[in-house]
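Predicted model only: the values in this text are computed from it and were never measured. Nothing fancy with the numbering, it's 1 onward along the sequence. Computed over heavy atoms, backbone and side chain alike; hydrogens, waters and symmetry mates excluded.
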Amino acid sequence: MNPVHLEDLVRQNAYLRQRNAQLQEDVTELAAEAERLRQMLERLHGRRPAAPPNPLSGGQ
């Protein structure tokens with residue numbers, strides 16, 4: 001292998017490692033955001049207080 005080709009491979013390898021780390025971080029952030037939104041949705045739809053019966057409608 002000539003030195004120029006080897007330098008290109010080293011540079012490409014460094015770039016790919018950095019890009020891989022960035023993508024893994026993005027996936028982690030998206031997973032955290034999805035979890036946060038899921039919890040928010042559960043809070044909005046999971047804990048609705050029951051409306052007390054209306055005494056004027058005979059409790060129906």
Side-chain angles (χ1 to χ4, degrees):
M1 291 188 121
N2 63 22
V4 174
H5 184 65
L6 186 58
E7 288 175 12
D8 288 342
L9 290 176
V10 168
R11 185 175 27 251
Q12 186 179 23
N13 188 35
Y15 167 77
L16 291 173
R17 286 178 183 267
Q18 179 184 15
R19 187 70 181 128
N20 187 23
Q22 289 171 342
L23 291 172
Q24 287 179 349
E25 185 178 337
D26 289 348
V27 168
T28 301
E29 289 175 3
L30 284 172
E33 181 71 6
E35 178 64 19
R36 186 185 69 80
L37 291 172
R38 185 188 62 75
Q39 289 176 358
M40 220 162 105
L41 189 62
E42 284 179 357
R43 280 195 306 272
L44 289 173
H45 296 288
R47 286 196 274 170
R48 287 194 172 174
N54 185 349
L56 299 177
S57 67
Q60 297 176 349

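If you chain together ILVMFWY residues whose side-chain heavy atoms come under 4.5 Å of each other, Leu16 ends up grouped with Tyr15.
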Discussion item. Test side-chain contact (heavy atoms from CB on, under 4.5 Å) on Gln12 and Leu9; report intermediate values, then the result.
Written reply: CA-CA 5 Å; Gln12 186 179 23; Leu9 290 176; 4.2 Å; yes
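Take Leu41 and apply the side chain to side chain contact (heavy atoms under 4.5 Å, CB included) test, not counting sequence neighbours, and it matches His45.
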Quick one: side chains of residues 27-36, donor-acceptor pairs under 3.5 Å with protein atoms, not counting sequence neighbours, listed by atom name and distance.
residue : atom : partner : partner atom : Å
Thr28   : OG1  : Gln24   : O            : 2.9
Glu33   : OE1  : Arg36   : NE           : 3.3
Glu33   : OE2  : Arg36   : NH2          : 2.7
Glu35   : OE1  : Arg38   : NE           : 3.2
Glu35   : OE1  : Arg38   : NH2          : 3.2
Glu35   : OE2  : Arg38   : NH2          : 2.3
Glu35   : OE2  : Gln39   : NE2          : 2.9

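Applying the salt bridge (charged side-chain N to carboxylate O under 4.0 Å, His left out) test to every pair with at least one member in residues 5-15, sequence neighbours left out, gives these pairs: Asp8-Arg11.
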